[in-house]
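Just below is one structure, and these are the notes that go with it.
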Amino acid sequence: MDHPGNSRAIAAMLIAMAGFILNDTLVKMASDAVPLGQIILVRGLICIAALGVAGAVTGLFHNARVLAHPAVLVRALAETAATMLYLTALFQLPIANATAILQVLPLVVTAAAAVFLKDAVGWRRWSAILVGLIGVLLIIRPGLDGFNAFSLLALAGVGCMALRDLATRQLPKDVPTLGVALVSFVAVTLLGTLLTVQSGWTDLSLVEYGYLGGAAVFVLVGYVFIILAMRLGDIAVVAPFRYTIVVWAILLGYLVWGDIPDGITLVGIAIVIASGTYSFFRERKAGAAETR
C-alpha cells in the first residue's frame with residue numbers, strides 16, 4: 001500500500017530540486033564577476049543569519065552541545081570540500097553536465113556504505129552502480145574530444161558528498177537537523193572567508209548581491225524541502241524524483257547560456273538516471289524482504 005504522504009513528499013522533492021538548480025544557476029551567473037571565495041562567503045552569511053534566527057526561535061541553542069559530535073564535524077568538513085570542488089567545476093562546465101555528474105551520488109553512497117559500513121548490497125545494485133559509472137564516463141569522456149578536466153573536480157566533489165552522507169547516517173537521533181545544517185554552513189563560510197582574504201574583496205553591484213541573495217534563499221528552500229520529502233514519504237518512491245533537477249539544468253543551461261548537451265552526453269545522463277532509479281527500487285525491495 002502506498003505511503004499516505006507520498007504525494008506531498010514528491011511535491012516537496014520537486015520544489016527542493018528546483019531550489020537547488022536555481023541556486024546553482026544564480027551562483028554560476030555571479031561567477032562572471034565575483035570570485036569563488038566571495039560567492040561562498042556572501043551566500044553563507046545570508047544562510048547563517050536565516051538559520052540562526054530559525055535556531056533561536058526553535059530553541060536550538062539550548063542544547064547546542066550535541067552538535068559537538070564527531071560525525072557533525074566530519075560532515076561539515078566534507079560539505080566544505082564538496083562545495084569548493086563542485087562550485088569550481090560548475091563555473092567551468094555547462095550546468096547540465098555538472099548537474100548530471102552530481103546525480104551519480106546515490107550510487108556512490110550505496111557503494112561506499114557497502115564497503116565502509118558493511119551494508120548488504122546484492123549483485124543487481126552493484127551492476128547498477130557499474131552501469132551508472134559508465135554513464136558518467138560518457139558525460140566526462142576522459143581522453144576524448146569534448147573532455148573537460150573540470151569534470152574530474154565535479155566527480156571529486158561527489159566523493160566528498162558521499163562522505164558527507166555517510167557521516168549523516170552516523171548522527172545520533174538527538175542531533176537536530178537544523179543544527180547540523182548550521183554547522184555545515186559555518187564551516188563552508190569560513191572557507192569562503194579564507195579564500196576572500198587571500199584573493200581580496202571585490203566590490204559588488206546590486207545585481208550581483210541580488211544573485212547571491214537569491215542563491216541563498218533557493219539553497220535554503222532546497223535544504224528544507226528535501227528534508228520534508230525524506231520525512232513525509234516512502235524514500236524509494238520519492239528519491240527518483242530528484243532526477244528532475246537534470247531537466248531543469250538542461251532547460252536553464254539553454255535559456256541562460258545557450259548550452260545544448262550533445263547526443264553522447266544525453267545518453268550518459270539517461271544511463272545515470274536509469275541506473276540510479278533502478279538502484280532505488282532494488283533497495284526498496286531489499287528493505288521489504290528484510291522486514292518479512
Side-chain angles (χ1 to χ4, degrees), residues 15-16 18-31 33-88 90-91 157 160-161 163-165 167-168 171-172 174-228 230:
I15 293 171
F20 284 133
I21 197 60
L22 287 170
N23 161 71
D24 285 353
T25 300
L26 290 172
V27 163
K28 186 173 174 66
M29 291 170 69
S31 70
V34 186
L36 171 63
Q38 200 167 329
I39 287 174
I40 295 174
L41 172 59
V42 174
R43 186 187 67 170
L45 288 174
I46 297 170
C47 290
I48 288 170
L51 290 172
V53 171
V57 170
T58 59
L60 169 68
F61 305 113
H62 294 162
N63 190 27
R65 287 175 296 180
V66 296
L67 297 177
H69 192 279
V72 176
L73 177 59
V74 171
R75 188 191 187 283
L77 293 175
E79 181 82 73
T80 301
T83 298
M84 183 173 180
L85 290 166
Y86 180 69
L87 289 184
T88 301
L90 176 65
F91 297 164
C160 292
M161 292 176 195
L163 174 59
R164 174 200 66 193
D165 290 354
T168 302
L171 291 172
D174 64 337
V175 177
T177 299
L178 182 62
V180 174
L182 180 58
V183 171
S184 294
F185 271 113
V186 168
V188 172
T189 305
L190 286 174
L191 169 66
T193 303
L194 292 174
L195 293 175
T196 301
V197 169
Q198 183 181 37
S199 64
W201 180 267
T202 298
D203 291 333
L204 306 183
S205 67
L206 287 177
V207 171
E208 289 152 0
Y209 273 117
Y211 287 157
L212 297 180
V217 170
F218 284 123
V219 78
L220 286 173
V221 166
Y223 266 99
V224 169
F225 278 89
I226 200 168
I227 291 170
L228 285 174
M230 293 297 99

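Remember, predicted model here, so these are calculated numbers, not experimental data. In this chain, numbering begins with 1 at the start of the sequence shown.
Using a 4.5 Å heavy-atom threshold, the side chains of T168 and L171 count as touching. Between Y209 and V34, every side-chain heavy-atom pair lies at or beyond the 4.5 Å cut-off. Contact annotation: the side chain of K28 never approaches that of L87 to less than 4.5 Å [non-hydrogen atoms, C-beta and beyond]. Contact check for I40 versus T189: no side-chain heavy atoms found under the 4.5 Å cut-off. Side-chain contact between F185 and V180 is absent, with no heavy atoms from C-beta onward closer than 4.5 Å. In this structure the side chain of P35 never reaches within 4.5 angstrom of the side chain of T196, judged on heavy atoms. The shortest side-chain heavy-atom distance between L204 and Y211 does not fall under the 4.5 Å cut-off. Looking at R43 and T83, their side chains come closer than 4.5 Å, going by heavy atoms from C-beta outward.
Here L41 contributes atom CG and I46 contributes atom CD1; the two are 9.5 Å apart, rounded to the nearest 0.5 Å. Taken from CG in L26 to OG in S31, the straight-line distance is 11.0 Å, to the nearest 0.5 Å. Taking CZ of R164 as the start and CZ of R75 as the end, the distance is 5.5 Å to the nearest 0.5 Å. Interatomic distance, T80 OG1 to L190 CG, rounded to the nearest 0.5 Å: 8.0 Å. Of the inter-residue distances, the one linking T193 atom OG1 with Q198 atom CD reads 13.0 Å to the nearest 0.5 angstrom.
In this structure, V219 and A216 approach most closely via the heavy-atom pair CG1-O, 3.3 Å. The two atoms that bring A215 and N23 nearest to each other are O-OD1, 3.2 Å, heavy atoms only. Among all heavy-atom pairs drawn from A78 and C160, the shortest one is CB-O, 3.5 Å. Taking both residues in full, the closest heavy atoms of I39 and A30 are given as CD1-C, 4.2 Å, listed atom of the first, atom of the second, then distance.
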Under 3.5 Å donor-acceptor pairs involving side-chain atoms of residues 51-71, not counting sequence neighbours:
from, atom 1, to, atom 2, distance (Å)
T58, OG1, A54, O, 2.9
T58, OG1, G55, O, 3.3
H69, ND1, A71, N, 3.0

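In this structure, Q38 contributes its side chain and W201 its backbone to no donor-acceptor pair below 3.5 Å.
A centroid separation of 6.0 Å or more is found between the aromatic rings of F218 and Y223.
Around atom CE of M161, more than 12 heavy atoms belonging to other residues, nucleotides or ligands sit under 6.0 Å away.
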